[in-house]
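Note on naming: letters A, B, ... go to the chains in the order of the sequence lines (proteins, then strands), and numbering restarts at 1 for each one.
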Protein chains: 2
Amino acid sequence: MIIDCHGHYTTAPEPHTRFRTAQLAHFKDPAAPSPVMPRVSDDEIRESIETNQLRLQRERGADLTLFSPRASTMGHHEGDEAVSLSWTRACNDLVHRVVGLYPDNFAAVCQLPQSPGAPLAQVIQELRRCVLELGFVGCNLNPDPSGGHWTSPPLTDRHWYPLYEAMVELDVPAMVHVSASCNPNFHATGAHYINADTTAFMQFIQGDLFRDFPTLRFVIPHGGGAVPYHWGRYRGLADMLKRPPLDGHVMRNVFFDTCVYHQPGIDLLVKVIDADNILFGSEMVGAVRGIDPLTGHYFDDTRRYIDALAIPDATKRKIFERNTRRVYPRLDRQLEARGR
Amino acid sequence: MIIDCHGHYTTAPEPHTRFRTAQLAHFKDPAAPSPVMPRVSDDEIRESIETNQLRLQRERGADLTLFSPRASTMGHHEGDEAVSLSWTRACNDLVHRVVGLYPDNFAAVCQLPQSPGAPLAQVIQELRRCVLELGFVGCNLNPDPSGGHWTSPPLTDRHWYPLYEAMVELDVPAMVHVSASCNPNFHATGAHYINADTTAFMQFIQGDLFRDFPTLRFVIPHGGGAVPYHWGRYRGLADMLKRPPLDGHVMRNVFFDTCVYHQPGIDLLVKVIDADNILFGSEMVGAVRGIDPLTGHYFDDTRRYIDALAIPDATKRKIFERNTRRVYPRLDRQLEARGR
């Protein structure tokens, strides 16, 4: 089977989006009406999914998508801790309903109610709720809840350890995923996302996080940011900084998806990164929605790039399915329970 | 001939470094002694160059290096505007002396006396001094003088236009190059540098800078950051954002160096980026100083990667020499005057 490890609910029904707008308006001006949780009908959800993610999943021949709330609207930098919590719960609950309607096609990954400078208690609580009560199999962790000002400590800092303890206990990985940028220097999907991926990887080289948490796992999306292209630089920096070689120091715990939107990029990824560390992903419907005039196919139809690789079928099977089941063991158990 | 477009004086003599330490100490505590400009002897300069950059240039078979002050110690975020100016002048004067001692081996590129939030008057004045009085052929422009907090406007903002007017008038390009990071999230050479490269490129896509300055030229170092690896993403984003195709919109004015420290990265670069936009560079003695155990050669011996490419000799000649002479016309004229 083909599992897409990286899909977002970028097409959530309009009442959901309207709730967010009203919520932020109320935060800015408490005289504005306090919104109530939106009523979104099953039909509205079906409509938004069947004409988008599900249609594309079928057209492109994937079987299941790890599905999380839209990343760019997590907006951890907007409002405050309470706003982040109520918005995050609404987003996760909506994803939960999608999975309830299409259990064969989607498995749920949660947004976390982060807020710049806030402690992690509510983040851990929401992770527990999603995993233990709603059957989520992973989470998205934002290394920069300030939205482009980078005011939080690095991911290797002890600040994050309580969350990592919960992730290890629950046996769920995190995808490292920033949200929108409120810094005009950084276009969200063109700079902030890719920079965050690169930044997180370098933090993992500098730190000793996986000595403290040998079973903690991160997926770095967008093909690992700049890392595979600069793989020699990172191997060399690890050496210069007297860190252990990357295979044992970082690559037992860190995985890259395949959201790289052209064949030469995927070729490079698979050439320099061990296939055990690569998870199929497309981020559709996502960052880049058009058709590549050079190929006549959608940029984000990443399955085509993997299909075109001259690698053994067993290796493709790792990338398409086995690695993701290994990194997301709760997904694996859910699939096994359904005979898949 | 082989021109390395990216070399820094990372081995400057100790009195120079001591001056900087004393300068910053005086800034923090005006009761500390105000340092005088360091006396550095020709012999000290010769020693620092001949045992390092010149030795490696000869060993690796390059002919000339575009040489600028050490990037990581530009430190625009330290001190204030006056500190930045006096330090920058000291750095540029030192590079000028290197070129005076080894005019066949080095040509000078200047640091700019930037300071977060400061106007550009002294930046332009120092650029003029270096180019018109000292024969410099280009400059390094820091898109984030805050050192990792990204508080300046994007490179496409009108804030920068007076500098661009001077660059166009003087016919010198800028390499987009940040300095050290004072944000613990960003390792300088492992994250901040690469992020800045990626960020600048995306800003150029979003803006219309080269409509306003059709002859303005930038070199984005470190192989263009993440850009070539994500070339499909950038082509797709240009399309989604209703920007013109990248070849006319950005790639008449933007060039990437070859500071990518492994063969697969260089292979990708040359595959996806037009050879006219690639300038040979090594950044030695620089970010990564060790030997790659996979090859037995220095990571930053980037000439080997170009030599190994299965591309026509005429294309290699573009990368090694002709593109750099085109992008740095003042260098070209200096070389022609010397019969090279």
Taking all non-hydrogen atoms of both residues into account, name the closest pair between Met240(A) and Ala287(B) and its distance. SD-O, 2.9 Å

Can you tell me which portion of Thr189(B) sits under 4.5 Å from chain A's heavy atoms? Options are side chain, backbone, both or neither. both

Nearest-0.5 Å distance that lies between atom CZ in Phe299(B) and atom CZ in Arg235(A): 4.5 Å

With chain A, the option among Thr151(B), Leu155(B), Leu294(B), Asp267(B) that has the most non-hydrogen atom pairs under 4.5 Å is Leu294(B)

On a heavy-atom basis, the closest approach of Tyr229(A) and Pro228(B) is OH-CG, 3.5 Å

Residue Pro245(A) versus chain B: region with a heavy atom under 4.5 Å: neither

Within this structure, what is the CZ-CD distance for the pair Arg233(A) and Glu283(B), rounded to the nearest 0.5 Å? 5.5 Å

Other residues, nucleotides, ligands: >12 heavy atoms within 6.0 Å of Arg252(B) CZ: no

Roughly how far apart are Trp231(B) CH2 and Asp292(A) CG, rounded to 0.5 Å? 12.0 Å

I'd like to know if the side chain of Tyr234(B) and the backbone of Gly190(A) have a donor-acceptor N/O pair within less than 3.5 Å. yes

Note, Asn195(A) side chain near Trp150(B) side chain (heavy atom, < 4.5 Å): no

Of all of Gly225(B), Ala191(B), Gly290(B), Pro184(B), which one pairs up most often with chain A through heavy atoms under 4.5 Å apart? Gly225(B)

Starting at OH of Tyr193(A), measure out to OG1 of Thr198(B) and round the result to the nearest 0.5 Å. 16.0 Å

Value for CG (Asp157(A)) from CG (Asn185(B)), rounded to nearest 0.5 Å, stands at 9.5 Å

Is Ile205(A) in contact with chain B via its backbone, its side chain, both, or neither, using a 4.5 Å heavy-atom distance? neither

Within the supplied structure, the quantity of interest is the number of heavy atoms (other residues, nucleotides, ligands) at a distance under 6.0 Å from Tyr298(B) OH; does it exceed 12? no

Nearest 0.5 Å please: distance from the CG atom of Leu268(B) over to the CG atom of Leu269(A). 11.0 Å

State, with a plain yes or no, whether a side-chain heavy atom of Met202(B) is found less than 4.5 Å away from one of Ile194(A). no

Atom NZ of Lys316(A) with >12 non-hydrogen neighbours under 6.0 angstrom: yes

Residue pairs passing the salt bridge (charged side-chain N to carboxylate O under 4.0 Å, His left out) test where at least one lies in residues 256-266 of chain B, sequence neighbours excluded: none

Pairs of heavy atoms under 4.5 Å with chain A: top-ranked of His222(B), Gln263(B), His149(B): His222(B)

